[in-house]
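Chain letters run A, B, ... following the sequence lines, proteins first and then strands; every chain starts at 1.
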Amino acid sequence: MHSQENNNSKESVNFIQSIIDRDRENNKYGGRVHLRFPPEPNGYLHIGHAKSICLNFGLAEKNNGLCNLRFDDTNPSKEDIEYIDSIIRDVRWLGFNWEDRLYYASDYFDKMYEDAVSLIKQGKAYVCDLNPEEIREYRGTFTKPGKESPYRNRSIEENLSLFKQMKDGIFEDGSRVLRAKIDMSSANLNMRDPVLYRIVKKSHHRTGDKWCIYPMYDYAHPLEDYYERITHSVCTLEFEDHRPLYDWLLSNLYSSELPQQIEFARLDLTNTIMSKRKLRILVEEGYVSGWDDPRLPTISGLRRRGYTPQAIRNFCNRIGVAKTNSVVDIRFLEHCIREDLNKNAQRVMAVLNPLKLIIDNYPDNLTEELEGENNPEDPSAGSRKVPFSKTLYIEKEDFHEDPPKKYFRLAPGREVRLKNAYIVKSQGFVRDEKTGEISEVHCTYDPESKSGGAGAKRKVKGTLHWVSAGHALKAEVRLYDYLLLSEDKKQEEEAKANFIDRINPNSLEVLTECLVEPSLANAVKGNKYQFMRKGYFCVDLESKTGNLVFNRIVSLRDSWEKIMKINQGKGK
RNA sequence: UGGGGUGUGGCCAAGUGGCAAGGCAAGGGAAUUUGGAUCCCUCAUUCGGAGGUUCGAGUCCUCCCACCCCAGCCA
């Protein structure tokens with residue numbers, strides 16, 4: 001399916017694959033490999049989820065196994081159908097296929113209820129009347145063992161009857177819970193008689209008002225896995241402490257082919273926010289325009305920004321899978337999208353900050369249709385015609401009246417090549433009297449230097465992109481930058497707490513006076529281009545013919561910018 | 001001074017007793033009609049620390065240190 005990925009040499013096997021290898025050798029699960037991606041539908045997916053999606057579906061594919069998509073919808077007070085739709089869309093967009101295996105935890109509520117009854121009958125679960133505060137007190141602390149609930153030793157019959165009454169809605173929210181009877185003095189707090197079921201009189205997005213008791217994650221998850229015959233239940237590190245409970249429940253209820261939980265480190269990225277809670281704050285308090293704001297690391301944000309599924313998958317497959325808490329440099333993500341788009345994006349010329357360039361010796365009313373290569377990395381992409389005339393626009397930063405050292409662009413008396421066109425020589429410039437800014441540059445062209453022509457061999461230091469004034473299209477360009485400023489190591493603690501203070505005030509710069517070449521007139525939403533010398537851009541979903549809007553996905557690497565920074569550092 | 005984890009270059013990450021892969025970032029160079037892409041070179045005498053076992057230790061043992069997670073009727 002994605003066989004051309006991971007082109008970079010012998011990939012090393014991650015520790016989960018090693019476990020699978022070992023299990024297959026031992027014929028555990030009869031050689032079956034079955035995973036699942038189990039999101040709770042209470043928010044939008046982000047690139048951290050993409051790591052998990054790629055891991056689970058990828059492992060299944062690699063091992064000739066299966067991977068289910070399963071909604072862990074055990075808490076109706078936090079979940080919503082809106083999220084289900086977005087999650088399905090995102091996983092599919094990433095390129096994964098669960099075939100007919102789309103499941104919901106809520107589909108298993110009856111079975112789960114029966115399993116709870118079974119535990120009660122074994123004397124391994126009981127109905128507890130303690131209120132939430134009391135349960136917390138009875139639980140003890142890290143260093144002090146808990147106390148047994150006074151309701152711990154009710155008879156099986158009484159428990160059965162009480163649990164049925166819980167189900168039947170006889171009791172109020174929070175008045176009773178079903179608990180596992182394990183060990184109140186366990187060093188692992190999760191084993192101190194954990195709550196299995198709680199009363200929540202809330203209608204569920206799928207089961208409606210059928211239930212007023214809902215299973216807790218710790219109870220539901222191992223059962224969901226078992227019902228679906230999952231072999232390897234991959235989750236994140238914070239559930240490591242829950243594994244003994246996962247195993248306790250399954251071994252008390254079932255006996256063969258029990259799934260095993262394996263934990264790995266979740267993805268964290270520099271210069272952005274990954275926590276669902278914080279993402280929600282950004283969206284709900286209006287720091288960004290929505291869940292699909294191109295600055296967000298949500299899948300929908302990345303999609304709108306112009307990231308491709310291929311690039312995201314490559315990223316996820318290359319960051320590694322381990323148990324070390326780590327923070328991946330966002331520049332690695334950028335590397336992955338550049339790598340993809342360099343190969344696949346059509347080149348086009350767009351001037352973001354236009355400066356008029358007049359070729360004094362070019363015929364007044366002539367328009368030449370010049371040939372432009374669509375993608376030097378892919379000859380099969382062909383070429384297109386680009387109109388050229390006497391009056392052009394170039395990038396403001398491409399002319400300097402007093403050029404710094406190593407500046408290869410246009411300056412008084414200097415020559416540059418106009419991409420796909422002619423070599424021009426600057427002959428002077430006009431300054432706007434009011435603003436003092438340079439308003440137009442005059443030059444002459446060398447007719448012999450036309451690209452592809454016999455006299456084109458002459459070398460000049462720089463090449464500029466340009467558009468023809470009479471043919472160019474106006475466009476809005478949104479320049480996106482990192483959502484968050486880099487962390488100041490010294491104030492790391494503080495920075496983490498106040499992520500709002502780290503929001504990059506320049507994360508979005510809107511340019512409304514941009515000019516793009518006419519071939520973009522009917523650019524389709526979602527299409528990606530390389531604006532030569534500037535970066536990769538994507539047609540935004542708000543774009544219309546006559547009112548083009550582009551998002552900057554990522555800039556090109558820019559070694560001139562680096563030289564400038566170094567110069568500044570040296571005081572030049 | 002409870003339990004569970006993790007510590008390999010600026011950031012990820014291989015490594016499972018025999019002389020520290022790879023990628024990103026960084027620096028240098030070649031070439032170049034994108035200061036892009038490409039190509040070449042440089043970048044851990046050392047694996048959290050200290051002891052020990054061994055001919056040999058990132059890998060085994062002991063002790064120590066640092067960081068992360070856990071006291072929701074959230075997942």
Worksheet item: What nucleotide, of G35(B), U34(B), A13(B), holds the atom closest to the side chain of Ser326(A)?
Response: A13(B)
Discussion item. Stacking between Phe332(A) and G23(B), defined as ring centres under 5.5 angstrom apart with planes under 30°, is that present or not?
Written reply: no
Discussion item. Is there a side-chain contact between His335(A) and the phosphate of C24(B), meaning an N or O under 4.0 Å from OP1 or OP2?
Written reply: yes
Worksheet item: For C73(B), does OP1 or OP2 lie under 4.0 Å from any side-chain N or O of Arg139(A)?
Response: yes
Worksheet item: Looking at Ser559(A), does any N or O in its side chain come under 4.0 Å of the phosphate oxygens OP1/OP2 on G36(B)?
Response: yes
Worksheet item: Less than 4.5 Å apart, any side-chain heavy atom of Met112(A) and any of Tyr227(A)?
Response: yes
Item to complete: Please determine, for the side chain of Arg331(A), which listed nucleotide (A13(B), A25(B), C69(B)) has the closest atom?
Response: A25(B)
Discussion item. Would Phe142(A) count as stacking on C70(B) if stacking means ring centres less than 5.5 angstrom apart and planes tilted under 30 degrees?
Written reply: yes
Fill in: For G9(B), glycosidic torsion class - syn if within 90° of 0, otherwise anti
anti
Practice prompt. May I ask whether Trp560(A) stacks on the base of G35(B), given the cut-offs of 5.5 Å between ring centres and 30° between planes?
Written response: yes
Practice prompt. Look at the side chain of Thr463(A) and decide which nucleotide, out of U34(B), G5(B), A71(B), has an atom nearest to it.
Written response: U34(B)
Discussion item. On RNA chain B, does the nearest nucleotide to Asp218(A) precede the nearest nucleotide to Met532(A) from the 5' side, or the other way round? Give the residue.
Written reply: Met532(A)
Item to complete: Write down the distance separating the C1' atoms in C19(B) and U54(B), rounded off to the nearest Å.
Response: 15 Å
Discussion item. Whether the side chain of Arg533(A) and the base of U34(B) hold a donor-acceptor pair under 3.5 Å is what I'd like checked.
Written reply: no
Practice prompt. Look at Arg557(A) and A26(B) and indicate whether a side-chain polar atom (N or O) is within less than 4.0 Å of OP1 or OP2.
Written response: yes
